[in-house]
Amino acid sequence: MSEDLSEGEKGDTVGDLSAHGDSVRGRLPRINSVDAMEAWVNQQKGKKLYIILISLHGLLRGDNMELGRDSDTGGQVKYVVELARALASMPGVYRVDLLTRQVSAPDVDWSYGEPTEMLNIRNEDFLDEMGESSGAYIVRIPFGPKDKYIPKELLWPHIPEFVDGALNHIIRMSKSLGEQIGGGKPVWPVAIHGHYADAGDSAALLSGALNVPMLFTGHSLGRDKLEQLLKQGRLSRDEINSTYKIMRRIEAEELSLDVSEIVITSTRQEIEEQWRLYDGFDPILERKLRARIRRNVSCYGRFMPRMAIIPPGMEFHHIVPQDGDMDGEIEGNEDHPSSHPSIWIEIMRFFTNSHKPMILALARPDPKKNITTLVKAFGECRPLRELANLTLIMGNRDGIDEMSSTSASVLLSVLKLIDKYDLYGQVAYPKHHKQSDVPDIYRLAAKTKGVFINPAFIEPFGLTLIEAAAHGLPMVATKNGGPVDIHRVLDNGLLVDPHDQQSIADALLKLVAEKHLWAKCRQNGLKNIHHFSWPEHCKAYLSKIAGCKPRHPQWQKSDDGADTSDTDSPGDSLRDIQDLSLNLRFSLDGEKTGGSGNDSSLGSEGNAADKKSKIENAVLAWSKGVVKDTRKAVDHNSSSGKFPSLRRRKQIFVVAVDFDNFASLAEATRKIFEAVEKERVEGSIGFILSTSLAISEICSFLASGGFSPSDFDAFICNSGSDLYYSTPNPEDGPFVIDFYYHSHIEYRWGGEGLRKTLFRWSSSVIDKKAEDAERIVSSAEQLSTDYCYAFTVKKPGSVPPVKELQKVLRIQALRCHAIYCQNGTRINVIPVLASRSQALRYLYVRWGVELASMVVFVGECGDTDYEGLLGGLHKSVILKGVCSSASSQFHANRSYPLSDIMPLESPNVVQAAEESSAIRSSLEQLGCLKS
């Protein structure tokens, strides 16, 4: 496996374990080179990193983990908790937060409802000086149904709520850490790491909201699972999607590829055989792009995440490998059975002859774990049955009827096979075990000179194989996934085809019968296990993070006008003026704000000089405008005169109704205004227009509808790729654009390379039924901006579904969102980190506008980014009857139903007729207005 690591990250080799002690019974070394680790530790001194890990499903706690309790509480739970602990103990790491779901349900332990749990750091060899908030923590964010523990497949619609809650926590913690160790400046996370698809989806949204690098670990992948389930032939594709929400999961994994800087895998096989199934990853294209980057040659706007193979870690310095056999130990303690660990007694009571070597399998009763094939292999091989016992640790259960249908089905199949082959006295299947019992189970198997087996159809990590090897157990494992690379390093067993029952039986019999082979495999495992220590894992992990280009919110406190004192005036320092000039400018004519969409890095010197001149003039106007506005606010408003005005509102109402004509949009807007006219005049409620329209079209809309720009505090336009504020002083123009927002969303924007690809695609979309095969998609240059390429559509029904265009772009490594707008008459292509919902989160991060104080007004349907506007901490009002058949058809063309991503039953979502009285009643129902 070491050849897969980049230069400078390979571990030094070590000799036999005896070099570290007199015998293999000594404690195992934690790292493979003390000198190399100490040198690396010295390089990390002085760093104060803040790292976010996310693992949403299952039940997470630091101790007494209920592994195997259900299909969601498995090896991933243990892995992420141990990773958090290990990272927090590394030099240069100040704090690690592991974010998960808060579960306060009657059927689970109270500890899962605790908002915060500090994790004990078990390895303090490299721990820096502790601080007030340093260490590792499980932070539980409430989201989803209250008082109910639900499986991961039902969490999808509630992910926006988690993202908003996590954003609250991260911002508070970043500010707190800034006060402690950052000199008053926020300490933003150096990375946000999502584990599994649901957390990857969440991490992508948080990464975009905070402009922070994202890492992703799939653990198991949806496309691979879909292929395996289809091969089994038990369920149809529709049944698989309905049961596992598999297409929603796959889309989350595709988004994770779009956004991630680094995808961490444990094996080469995961990259070449699993990730290559995805539209967004091609190993060949990835190598080509990497070569072009090394040669400093343009990639034409194409981006690919970096795949990093980092073997999983394990804490094994406390493990003492077992020697000897069971005979002396058992016979010498027959009068005192209580001297054995209780789990030994629980297992051995199943056996007629407990002295035989034990074949140990440790897996929950899940079809993909392939336990039934193992039992068949054992039952049909008489020589194996005569030589060995079989122990199946299949999670915890009280009664079969209380298990999930899938788990119960597997367990019943196992029991029937035991009966079929008359395996009574030869197979153990205890009902209960604690997490603390697992080391004792390994010790028991090692004492009997047994073998550990992982028969899963595919195993992404293989952590149990590493644990078993550390206890001196040889392995038999699937040749699919993590075991391949683990075996390459440890060389401590045999790999088999999990579908080949005879191959499984032969491998087990070979290891049990051939004592010299068993001893050699055991010794190899103990000798090489140091490669999988947590310090080595974390060293490689942190080295990968260090290679990412740092990203975080760019504005300074003074830029936000956090105070109203004179010291925050833009005129106080030249540096403030220069910083602001890069990020705020006035749009005096409402025309296109950008050029032709070229990469900013490729701009000419002439363009730069012209841009500088425009910036200087804009800054001059901005400075004058702010000064005038401050005086005006002091004279006419008792509240602070902060810019923009949305900062002083108690509530923000977002008009995000997706009509395809100005008249209908104006009518809906007037109804909303009328519903809260009193509060609007008082200034307690501010308004944002969120739309697919360009700023020039918004000007026309305001004029035709009789509105003033000052009726709105902000304008989210071009489907969320541009953000404008109404100017403090109308004399300086109607709008000011937020350039910081552009710096927030420009990550992986394809620029000119993307524009050319889209132009070629639009040229290929023709109406084949027409006589002249006319083009039906054409570029709308006058509506496009630097961060939105707009196209007009003549015949919406003849355009490929949005998922097909998104697939085309991903296959070419172009990272962006394609959005069908205005009943399909327009297509907007925007940066992957941009969206109308993300723009609202940006307003919270930038200006402190609380998401819970926002109310979003939508129709019954809308543009293809519609679902992002529902869900989260904000309230939503759905205007009944505001829908179109065209929009409905666009959503029907998706790979998954909207119910997989929108909460159908939420107290934050209400419906109202498009009448001012009905709208006001709905707002009273939401608690936004007093009745």
Side-chain angles (χ1 to χ4, degrees), residues 1-7 9-10 197 200 204 213-228 250-311 458 460 479-482 484-485 488 540 544 547-549 599 747-761 764 803-818 829 832 895:
M1 189 187 298
S2 61
E3 65 265 28
D4 295 327
L5 300 176
S6 60
E7 194 65 31
E9 294 173 354
K10 298 178 182 178
M214 173 186 167
L215 281 62
F216 181 62
T217 299
H219 291 271
S220 68
L221 298 180
R223 286 197 188 276
D224 182 74
K225 179 166 185 172
L226 177 60
E227 284 197 353
Q228 296 288 341
I250 289 170
E251 175 58 27
E253 291 161 343
E254 292 281 10
L255 178 63
S256 298
L257 285 173
D258 287 339
V259 178
S260 293
E261 297 258 7
I262 298 172
V263 174
I264 295 177
T265 75
S266 62
T267 67
R268 172 66 57 185
Q269 186 268 355
E270 185 179 344
I271 299 172
E272 296 182 346
E273 296 184 24
Q274 296 183 54
W275 276 120
R276 74 178 306 152
L277 299 174
Y278 285 77
D279 300 332
F281 183 75
D282 179 349
I284 297 175
L285 180 56
E286 190 266 342
R287 286 193 288 271
K288 289 180 179 178
L289 292 177
R290 195 163 3 112
R292 295 183 73 88
I293 292 170
R294 281 198 299 266
R295 299 200 309 270
N296 200 27
V297 177
S298 172
C299 293
Y300 302 104
R302 286 158 172 78
F303 300 91
M304 198 71 75
R306 184 180 179 188
M307 293 284 173
I309 301 174
I310 306 179
I458 188 159
K479 66 178 184 179
N480 299 325
V484 176
D485 286 330
R488 187 179 298 133
K544 296 297 182 185
C548 296
K549 181 181 178 181
D599 277 327
Y747 172 72
R748 287 193 172 169
W749 178 235
E752 182 66 8
L754 170 62
R755 191 189 69 82
K756 289 180 178 178
T757 300
L758 289 169
F759 186 80
R760 288 193 297 270
W761 172 82
S764 69
K803 65 181 180 182
E804 294 300 326
L805 174 55
Q806 197 70 56
K807 180 176 182 177
V808 167
L809 296 170
R810 280 175 171 154
I811 288 174
Q812 299 191 53
L814 293 165
R815 312 298 176 175
C816 53
H817 286 314
V829 180
V832 69
S895 302

Just checking, R223 and Y278: is the charged tip under 6.0 Å from the six-membered ring centre and within 45° of the axis? yes
Taking the side chain as every heavy atom from C-beta outward, state whether V263 and L257 have any pair of such atoms under 4.5 Å apart. yes
Matching residue for Y300 among R292, K756, Q812 - test: side-chain contact (heavy atoms from CB on, under 4.5 Å): R292
From D258 atom CG to Y747 atom OH, the distance as rounded to the nearest 0.5 Å: 9.5 Å
I'd like to know if K803 pairs up with D279 as an ion pair, taking the criterion as any Lys NZ or Arg NE/NH1/NH2 lying under 4.0 Å from an Asp or Glu carboxylate oxygen. no
Salt-bridged, E272 to R276, with N to O below 4.0 Å? no
Scanning both residues in full, the closest heavy-atom pair of G200 with M214 reads O-CE, 3.4 Å
Using 0.5 Å steps for rounding, measure from the CZ atom of R748 to the CG atom of L814. 11.5 Å
For the residue pair K544 and I310, establish whether any side-chain heavy-atom pair is separated by less than 4.5 Å. yes
Counting C-beta onward and ignoring hydrogens, is there a side-chain heavy-atom pair between L289 and F303 closer than 4.5 Å? no
Atom pair CZ (R815) and CD (E254), whose distance is rounded to the nearest 0.5 Å: 8.5 Å
Are I811 and L285 close enough that some pair of their side-chain heavy atoms sits under 4.5 Å apart? no
Pairwise side-chain contact, V259 with F216, heavy-atom cut-off 4.5 Å (strictly under): no
Got a second to check how far I293's CD1 is from R295's CZ, nearest 0.5 Å? 11.0 Å
Under-4.0 Å salt bridge between E752 and R755: yes
When you measure from the side chain of T217 to the backbone N and O of H219, does any donor-acceptor pair fall under 3.5 Å? no
Decide yes or no for D485 and P311: does some side-chain heavy atom of the first lie under 4.5 Å from some side-chain heavy atom of the second? no
Distance-only polar pair, side chains of Q269 and E273, donor-acceptor under 3.5 Å: yes
What's the separation between atom CG in L255 and atom OG in S260, rounded to the nearest 0.5 Å? 8.5 Å
Rounded to the nearest 0.5 Å, what separates atom CD1 in I271 from atom CZ in F281? 6.0 Å
Is the shortest heavy-atom distance from the side chain of K549 to the side chain of P213 under 4.5 Å? no
